[in-house]
Amino acid sequence: MALALTGLRLWDGESEALRPGRATLRIEGGRIVAIGEGAELERDAERIELEGAVALPGLCDAHVHLSLDPERREAVQDASGDPLDTMALRARAMVAAGITTARDLGGPEFRALALRDRIAAGELAGPRLLCAGQPLTSPKGHCWFWGGEARGADELRAVVRRQVEHGADWIKVMATGGVLTRGTTPAQSQFDEAELAAAVAEARAHGRHVAAHCHGTEGIGRAARAGVRTIEHCSFASEEGFGSANDAAVMADVARSGAWISPTVNIGFARFFAEDGSFGKFAQRMNRVYTDLRRAGAPFVASTDAGIPGIAHHRLPEALPLFARLAELRPVEALRTATSDAARALGLDAETGRLAPGLAADVLVVDGDPLADLGALLRPVLVVARGGVVRP
Ligand SMILES: [Zn+2]
C-alpha cells in the first residue's frame with residue numbers, strides 16, 4: 001500500500017535551504033514516487049500527518065562495527081564477536097535513531113554480512129548495510145585477530161578474494177597500526193605503496209572499493225596514492241600523537257586522489273572540549289587536520305567507528321554537531337556528509353542519500369529545523385527505511 005507523509009517541511013539532502021512551504025512525500029514499493037502538493041498524492045495511500053515537522057534523507061554512518069560491544073573494552077580483541085541477535089538489536093536501535101545506511105568496516109567471522117542479508121530481506125529492522133568482512137592487515141598487525149592477516153602483495157590479493165567470496169561489499173585494509181591492538185602503533189605503516197596498490201587492483205577487478213584505516217601520515221599518503229576510495233580516521237599522526245604531522249604534500253596527494261575522508265568523529269570526542277566548550281589540545285590538533293584537508297579540497301563523510309569502547313551504534317546524530325564544530329562545517333554541510341555526500345562516497349547515490357522521486361524511501365522526520373540547529377536530529381518523529389515505517 002502507498003504511504004503519504006503530509007505537512008512536511010523538507011530538506012532534499014543537498015540544497016542550501018528547506019523547500020518552501022509544505023509538502024507531501026508519497027512512497028510506494030519502498031521508493032519515493034512523488035514529492036509535492038495536492039490531494040492526488042494521498043490517493044489510495046495510508047496518510048501520516050506530520051504538520052510542520054522536517055523530513056530529510058535518512059542518515060548514513062560510514063564506519064561502524066556491528067559485531068563489537070561498546071560496553072566491553074576487551075570486545076575489540078574478541079576473535080568470535082557477538083551473536084547475530086545482539087547485533088540485530090544494535091541495527092534496530094540505529095534505524096530507530098534515523099540511520100538508514102551504514103558501512104560495517106570489519107569484525108571477526110562474517111556475521112555482519114548475514115545481518116545485512118536478513119535486513120535486506122525484510123526479516124530484521126535495520127539500516128541498509130555495506131560490509132567489509134575481515135580487514136586486510138599485516139601479520140600480528142592492527143586487528144590481526146579478525147583473521148585478515150597477509151604478508152606481501154600475493155597474500156593481500158588472496159585475502160581480498162576471500163572477502164569477495166564471502167560476499168563483502170567493500171574491502172578494508174589496515175594501512176597503519178591502531179590504538180586498540182597491542183604491539184602496533186598508529187603512526188606505523190603496515191604496507192608499502194605497491195602492496196596497497198595490489199589490494200586496490202584486486203578489489204577493483206571484483207568491482208569493490210577499498211577503505212583504508214590510516215592514522216600515520218606516511219600510511220595516509222601511501223593509501224591515497226594507491227587509489228583507495230575512503231581514508232578512515234586520517235589522523236596525520238606521528239610518534240608525537242594525532243594531528244602532529246600535517247604534511248602539506250600528503251594532503252595535496254589525498255585531495256588529488258579524490259579519496260573521501262571518513263574521520264570517525266564520535267560522541268567520545270566530547271571529552272576533547274574544555275568545560276566552557278572551547279577546543280582542548282587534541283581538538284585543536286584535529287581542527288587543524290580537518291580544516292587543512294578541506295582547504296586542500298578533500299571531501300568528507302560522517303562516520304563514528306561505532307562499536308569501539310564507549311561508542312554505541314545509534315549515536316551518529318549526537319556526533320554530527322561535534323564533527324561540525326571540529327571541521328568548521330555549517331549545519332547544511334555537516335548534514336550532506338551524512339546524506340548525499342555519504343551516498344556518493346559509498347557508491348549509493350543512485351539509491352539513497354537524497355529525497356527525490358525514484359530513490360529508496362529512506363527518510364528521517366524530526367521536530368525542528370536541523371539546518372538551523374543540528375540538535376533537531378535528536379528529536380526524531382518518524383523514520384522510514386526502504387519504505388518501512390519505524391517509530392523512534
Ligand atoms: Zn573501525
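Everything numeric in this text was worked out from a predicted model, so none of it was measured. Indexing begins at 1, ligand by ligand and atom by atom, following the structure's order.
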Q: Step by step, work out the side chain to side chain donor-acceptor pair (under 3.5 Å) result for Ser235 and His215.
A: CA-CA 5 Å; Ser235 319; His215 287 302; 2.6 Å; yes

Q.
Do the side chains of Asp169 and Arg116 get close enough for a salt bridge, i.e. N-O under 4.0 angstrom?
A. yes

Q: Please list, chain by chain and in numerical order, all residues satisfying ring pair (Phe, Tyr, Trp, His ring centres under 6.0 Å) with His166, sequence neighbours excluded.
A: Phe110

Q.
Taking the basic N atoms (NZ, or NE/NH1/NH2) and the acidic carboxylate oxygens, is any pair closer than 4.0 Å for Arg330 and Glu16?
A. yes

**Q.** Asp82 (side chain) donor-acceptor with Met87 (main chain) under 3.5 angstrom
**A.** no

Q: Would you mind reporting whether Thr100 and Val390 have side-chain heavy atoms less than 4.5 Å apart?
A: no

Q | Total protein N/O/S atoms whose distance from the Zn ion (ligand 1) is less than 2.8 Å | A | 3

